[in-house]
Amino acid sequence: MKRNYNFKHWIFILPALVLVISILVYPIFYSIYMSAYDWNLFHSDAKKFLGFENYLSLFKDREFLHSLWLQLGFIVIALPIETILGFFVAILLNRDGKFYDVVRALLLLPVFVLPVISGLTWRMLLQPEYGMMSFILEKLGFGVKAWLAEPNFAYSMVIIQDIWRMWPFMFMFIYAGLSGMPREYIEAAQIDGAGFWKKITKIVIPYLRPTIATALLLRLIDALRIFSEVYVMTGGGPGNSTLLLSLYINKQAFEFFNIGYAAAMGVILLIVALVIAFFIVRGNIQFEGEKG
Amino acid sequence: MRRVISVLLLVFTVFLAFSAPYNTTIKVLAWDDALTQALKEGIPDFEKQTGIKVVLELIPSGNLLQKIGVSVSTDKSDYDLVTVDEPYVPALAHLFTPFNNWSTGKVYKKPNLSVFAPNAFDAAQWMGTFVGMPVNANVYIWITRKDLINDPKNKQDFKSKYGYNLGVPKTFKELRDMAEFFSTKGIYGFAPFTKQAEGTTAEAIFMFEGFGTRPLEIVNNRVVVALDDKKAVEAINFYKELLKFSPVGALDMGHSERIAAFNQGKVFTMFQWPALVPQHEDPNSSLVAGKITYSAPPVGSAGASAIRGCWVLGMPNASKNKDAAAEFAYWWASLETGTKLVPKGFTPARSDILLNPTMNKDRPWFKAIFDSMKGSIARPRFPQYAETSQIIRDNWLAAISGKVTPESAVKKMKDDLNDLLKKLGY
């Protein structure tokens, strides 16, 4: 049936359209506009048009490439671990009973902790003299260490903090998908003699693939914006070992006040997000197509 | 009757309007801490005296520059006065009316430069012009545990080991010796500042200046890299030596870690900013309250070098209420305001208050502020200070953490600074 869109339809759509344009489309285009200028916040009246020069400078900026690398590394390490953890815990807790209800609810708590609070808490936990985590690690034979003062450890701790806080998010999604899966699938596989791994790889994962893809996409968007927890936990240090791209953008924009340059970085971050999201969504569509 | 009352009310209103010297509102943007909170308490008095209503907006110091950046430009300003941390004065100087052009007050007298603590007004200077007025004397002061230096056993042990008397460290050599001495007694000799923050740059400059060098200098109105390799390496090596006597996690210490370590009685001596001193003297949160002595920082081989970071009050060129704004600034700097608000947490910029014996009875660090101000030095005066600071900090941290040798850190610091100057067209 062909729909007939007339003037009246547009009247109803208009408020939503205006809202979307003003809070989503306009800032994106304004960022692109800013990225074409040599624009210092304190000398806004003396901004100079550069065209693509900011983008070209970015790829010569070692700090930018380093922070982009750290950001991508963070995503590549943290997201799969969160997904695997969430997946297996969802399998484990996909049972009926009051006990499981309570455990499932409690497991979600870290997701509700504000990122800034999470960062501060981990900072205190890892404080070498009075931090609980440092105490435990010392008892486990790791010695007294300032974990956040050593570049590799600091980066690892930032990732561990994120995994702690966000794996329940993946669990929540996967559990929701799993609880909607008809039991007959598993029962039929069992009758056919499928073992645990066979059931996981041939039935559960294919069934949950759209759910996992959606959860990954949402996590990806979130992970690209990670800022406050790292800011309070390490401030990007020691050195620049945890200066993720979002922190570097903040530094350029609000410490150095190079807002044109920072906007160019923001645009690159947007492109990175779109590219990764494209592959996730396309993979999922292809899979759905193959499934028929 | 109603008509009479109306006329009387009108007359009364007109009388009120004309009896106050002003009838206007000014907007002031300032950082949020004990000083400005104290200031807030005095504002009703100021409003009564002048008829100027003050809207004082306090925001965290870390966000202040961003706020100024979006609120003040050459032709538009949301504020009549803004406060700026000293290192950022050069970046904003072009937006401010020179202090010499501020009006003379009708109610409060324009202060003479001589009433301010030594060197305080230098904080407001850029290219030979005072672009604002300092509102506090913010400078490195040195805090030392007096109970430890007065302990007879410590005195005796120290004298027999080092051959001179234990006391407040006055030189870098004494600082090193005393830090070492107390580290053998289960007390950390020194608490550094090593976080990825401005405090680390301040430490680096403090050390460089102590050894007689500095990263940037202005020569004939040109900014040049002036770091002396040998002296800079000496400074780094000396700081590395101090780190041996510092708390576990010495390479990850910021304000909160340093305050916690000192207040737990674990640290012998360190620098502190005056605004944070009350936290050490609060018996509810500090085990060392009342056990601290205050002084100017120890002196390096090249002389005194307390890092200064006075807050400066700038009047945007685009302000529409300049006379009233100036009146507020003069009230802030007045002896009466300072005397009244110090008990509430105010830190003054005036010498007469800093040296007042009554004030020093309750706040013994005031005299130390004055003494430190005498030898105070600025961080690099440069419009792109934040980028300069980042370069100094990154290379300093790389060197003191042992990631690179001091020699290569100094070389890279100079190269990076030269690259920055080149990029900026200097």
(message) If we define contacts as heavy-atom pairs under 4.5 Å, which of Leu251(B), Leu397(B), Leu65(B), Asn63(B) has the most with chain A?
(response) Leu65(B)
(request) Please round to the nearest 0.5 Å and tell me the distance separating atom CZ of Phe257(A) and atom CD of Glu387(B). (result) 10.5 Å
(message) Please identify, among Asp394(B), Asn395(B), Ile68(B), Val70(B), the residue contributing the most non-hydrogen atom pairs under 4.5 Å to chain A.
(response) Asp394(B)
(message) With rounding to the nearest 0.5 angstrom, report the CD to CG distance, Gln66(B) to Leu41(A).
(response) 8.5 Å
(request) Quick one: pull up CD in Gln390(B) and CG in Leu243(A) and give me the separation to the nearest 0.5 Å. (result) 7.5 Å
(message) Tell me if the NZ atom of Lys76(B) is crowded by more than 12 foreign heavy atoms within 6.0 Å.
(response) yes
(message) Keeping His94(B) on the side-chain end and Phe42(A) on the backbone end, is there a donor-acceptor pair under 3.5 Å?
(response) yes
(message) Set out, in order, the CA-CA distance, both residues' side-chain angles and the distance that settles side-chain contact (heavy atoms from CB on, under 4.5 Å) for Arg123(A) and Asp252(B), then state yes or no.
(response) CA-CA 11 Å; Arg123(A) 181 169 177 75; Asp252(B) 187 33; 3.7 Å; yes
(message) Looking at every non-hydrogen atom in both residues, tell me the closest pair between Ala386(B) and Phe256(A) and how far apart they are.
(response) O-CE2, 3.4 Å
(message) Would you say OH of Tyr426(B) has more than 12 non-hydrogen atoms from neighbouring residues, nucleotides or ligands within 6.0 angstrom?
(response) yes
(message) Return the OG to NZ distance between Ser57(A) and Lys423(B), rounded to the nearest 0.5 Å.
(response) 8.0 Å
(request) Check whether any side-chain heavy atom of Gln196(B) lies under 4.5 Å from a side-chain heavy atom of Thr242(A), and answer yes or no. (result) no
(message) Please rank Tyr385(B), Tyr188(B), Tyr88(B) by heavy-atom pairs under 4.5 Å with chain A and give me the top one.
(response) Tyr188(B)
(message) Given heavy-atom pairs under 4.5 angstrom as the criterion, report whether the side chain, backbone, both or neither of Ala91(B) touches chain A.
(response) both
(message) Could you report the tightest heavy-atom contact between Gly249(B) and Pro128(A), atom names first, then the distance?
(response) CA-CG, 3.7 Å
(request) Please state whether the side chain, the backbone, both or neither of Asn40(A) comes within less than 4.5 Å of a heavy atom of chain B. (result) neither
(request) Tell me, out of Glu255(A), Glu150(A), Gln252(A), Lys251(A), who's got the most heavy-atom pairs with chain B below 4.5 Å. (result) Lys251(A)
(request) Answer with side chain, backbone, both or neither: which region of Ala260(B) has an atom nearer than 4.5 Å to a non-hydrogen atom of chain A? (result) side chain
